[in-house]
Amino acid sequence: MTSLADPLVLDHGPAWPNRFALAPLTNTQSHADGTCSDEEQEWLVARGRGGFGLVMTCAAYVSTPGQAWAGQLGIAREEHEPGLTRLAEALRATGTRSSVQLHHGGRRSDPAVSGVPNQCPWDEPSKQAVAMTTAEVEQMVSDFVAAAVRAERCGFDGVELHGAHGYLLAQFLDARNNQRTDAYGGSLEARRRPIDEVVAGIRAATGPDFQLGIRLTLEGNGIPLDDGLAVAGHLLGSGELDYVDASLWDVFASPRHTDDETPLIDLVAALPRGTTRLGVAGLVRSTADAQWCLDHGADVVSVGKGAIWHHDFATRALADAAFTVRPHPVTDDDLLAEAVSPRFVDYLKGTFPDVVA
């Protein structure tokens, strides 16, 4: 039986102290230029103090066209490095491991914020998105690699690629719309090529102790379940990644678009993975929920809303087998006491009414 308190040994870099990871949570606390604010640093460092084995940033844009919202953290330019370096140093001092989630919004970016047209694998006028040229896809790959190199230079233990939730890397996997005729569309192998090239590029450009993971959506956003599992299986078996982070929305749920009642976690956990680790996320609210995930084959449990309500969710869960999150929604003052800034509280009120009253 795997315990939540067990250290997690990966193929690259230092072991994580336990099996809890802070999920990459949008928080809109960065400065307008993408530099890390004091509020964003304190939000993350508090989770390091709160016992998480890994603390991951929110989705950080790797290039100007990839910026998806105001207040988003950036890792696209030299000016972003001082704040990221301070953040990495502060996280290391808590004893946690650290990672930056690398992100490009694609058709879900915001031209009003980025100041440039959206990019997408296909033309989509309703999203002000123009199909990327082959050269632009190649540049996007280079931007992800450069961002990973920047994260390593700033002192982070690793990066996670955002290949989920309908953002750019996941858009290439969209079987409905990505019918490009170059090397990046049509067949599943071609549609996953941008991910493969980013992974290979980062491995070649970073050191042997640098950790690399990817967050995936296994179904939805134009990705059929068979394709999602095939991509996850390919990446789990490649030997290039330290972990695959499956964003399930609900770790207990069965696939949404088939008649199969097998929990989705069981389907992905059954894929051969060698020494590559499997993480899962979605509605984990208690110690029992997290242990259930490990019992069903996961190696890591990512916690999102639970970590908003409790900066020390991990410490509480490791100490108490009966721990469960506080009744919610909670008050502004409750969240401020958990190092959630007023800006983050306002974002949560407009997006997740179950979190804050």
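Predicted model only: the values in this text are computed from it and were never measured.
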| message | With a 4.0 Å cut-off on N to O distance, would you call Glu42 and Arg49 a salt bridge? | response | yes
| Short question: side chain of Thr94, backbone of Ala90 - any donor-acceptor pair under 3.5 Å? | no
| query | In Å and rounded to the nearest 0.5 Å, what is the NZ to CZ distance from Lys305 to Phe352? | reply | 5.5 Å
| request: Report whether Leu73 and Trp69 are members of the same hydrophobic cluster (ILVMFWY, side-chain heavy atoms less than 4.5 Å apart, transitive linking). | output: no
| Considering residues at least two apart in sequence or located in another chain, which fulfil the side-chain contact (heavy atoms from CB on, under 4.5 Å) criterion with His234? | Arg192, Asp196
| request: Group every Ile, Leu, Val, Met, Phe, Trp and Tyr by side-chain heavy-atom contacts under 4.5 Å, then state whether Val137 and Val130 land in the same group. | output: no
| query | Would you say Gln72's side chain and Ala59's backbone share a donor-acceptor pair under 3.5 angstrom? | reply | yes
| query | Which one of Arg97, Arg203, Arg277 satisfies the salt bridge (charged side-chain N to carboxylate O under 4.0 Å, His left out) criterion with Asp242? | reply | Arg203
| Where is the tightest heavy-atom contact between Asn221 and Thr217, given as atom of each residue plus distance? | OD1-CG2, 4.3 Å
| said: If you compare all heavy atoms of Asp260 against all heavy atoms of Ser254, which two are closest, and at what distance to 0.1 Å? | reply: O-CB, 3.6 Å
| Minimum heavy-atom separation for Gln128 to Pro111, with atom names? | OE1-CG, 3.9 Å
| Under 6.0 Å from the CG atom of Asp320, do we count more than 12 heavy atoms belonging to anything else shown? | yes
| message | Applying the side-chain contact (heavy atoms from CB on, under 4.5 Å) criterion to Ile202, which one of Val141, Val149, Val145 satisfies it? | response | Val145
| message | Using every non-hydrogen atom in the two residues, find where Leu91 and Ser98 come nearest and quote the distance to one decimal. | response | CD1-CB, 3.8 Å
| query | Between Asp226 and Pro224, is there a donor-acceptor pair closer than 3.5 Å when you use the side chain of the first and the backbone of the second? | reply | no
| request: Using modelled atom types only, decide if a donor and an acceptor are shared between the side chain of Asn178 and the backbone of Phe172 within a distance under 3.5 Å. | output: yes
| Under 3.5 Å donor-acceptor, Asp157 side chain and Ser99 backbone | no
| message | Closer than 3.5 angstrom, by distance alone: can the side chain of Thr35 be matched with the main-chain N or O of Gly83 as a donor-acceptor pair? | response | no
| task | Taking the six-membered ring for Trp and the full ring for Phe, Tyr or His, determine whether the centres of Trp16 and Tyr243 are under 6.0 Å apart. | result | yes
| How long is the span from the CD atom in Gln101 to the OG1 atom in Thr57, to the nearest 0.5 Å? | 6.5 Å
| query | Do we see a donor-acceptor contact under 3.5 Å between the side chains of Thr331 and Asp333? | reply | no
| said: Applying a strict under-4.5 Å side-chain criterion to I, L, V, M, F, W and Y, I'd like to know whether Trp43 and Met56 cluster together. | reply: no
| Sub-3.5 Å donor-acceptor pair from the side chain of Arg193 to the main-chain atoms of Ala183, do we have one? | yes
| task | Identify whether Leu25 and Leu161 are in the same connected component of the hydrophobic contact network (ILVMFWY, side-chain heavy atoms under 4.5 Å). | result | yes
| message | Check this for me, if you would: do Lys349 and Asp332 make a salt bridge, where the nitrogen-to-carboxylate-oxygen distance has to be below 4.0 angstrom? | response | yes
| message | Ignoring hydrogens and geometry beyond distance, is a side-chain donor-acceptor pair present between Glu40 and Ser30 at under 3.5 Å? | response | yes
| note | Heavy-atom nearest pair, Gly74 first then Ala60, reads C-CB, 4.5 Å
| Gap separating the CZ atom of Arg108 from the CD atom of Gln171, nearest 0.5 angstrom | 8.5 Å
| query | Rounded to the nearest 0.5 Å, how far apart are OG1 of Thr133 and CD of Gln119? | reply | 8.5 Å
| Distance (rounded to the nearest 0.5 Å) between Ile265 CD1 and Cys293 SG | 4.5 Å
| message | Below 30° counts as parallel, above 60° as perpendicular, anything between as tilted: where do the rings of His165 and His162 land? | response | perpendicular
| request: Just jot down the salt bridge (Lys or Arg N to Asp or Glu O under 4.0 Å) partners of Glu152, sequence neighbours excluded, or say none. | output: none
| Donor-acceptor under 3.5 Å (Ser37 side chain, Gln29 main chain) | yes
| field | Side-chain (Arg92) to main-chain (Gly155) donor-acceptor, under 3.5 angstrom | value | yes
| said: Starting from Val198, can I reach Tyr61 by hopping between I/L/V/M/F/W/Y residues whose side chains sit under 4.5 Å apart? | reply: no
| Rounded to the nearest 0.5 Å, how far apart are OG of Ser247 and CD1 of Ile214? | 12.0 Å
| All pairs passing ring pair (Phe, Tyr, Trp, His ring centres under 6.0 Å) where residues 262-303 contributes a residue, at least two apart | Phe252-Trp292, Trp292-His296
| Where the side chain of Asp312 meets the backbone of Thr315, is there a donor-acceptor pair that is under 3.5 Å apart? | no
For residues 1-11, which side-chain N or O atoms pair as donor and acceptor with protein atoms under 3.5 Å away, sequence neighbours left out?
from: Ser3; atom 1: OG; to: Ala5; atom 2: N; distance (Å): 3.1
from: Asp6; atom 1: OD2; to: Ser3; atom 2: N; distance (Å): 2.9
from: Asp11; atom 1: OD1; to: Thr275; atom 2: OG1; distance (Å): 3.0
from: Asp11; atom 1: OD2; to: Thr275; atom 2: OG1; distance (Å): 2.7

| query | What residues form a salt bridge (Lys or Arg N to Asp or Glu O under 4.0 Å) with Lys127, not counting sequence neighbours? | reply | none
| task | Please work out whether the ring planes of Phe20 and Phe52 are parallel, tilted or perpendicular, with thresholds of 30° and 60°. | result | perpendicular
| note | Contacts of Arg191 meeting salt bridge (Lys or Arg N to Asp or Glu O under 4.0 Å) (sequence neighbours excluded), chain-then-number -> Asp227
| said: Give me the atom names and distance for the closest heavy-atom approach of Arg215 to Ala281. | reply: NH2-CB, 3.5 Å
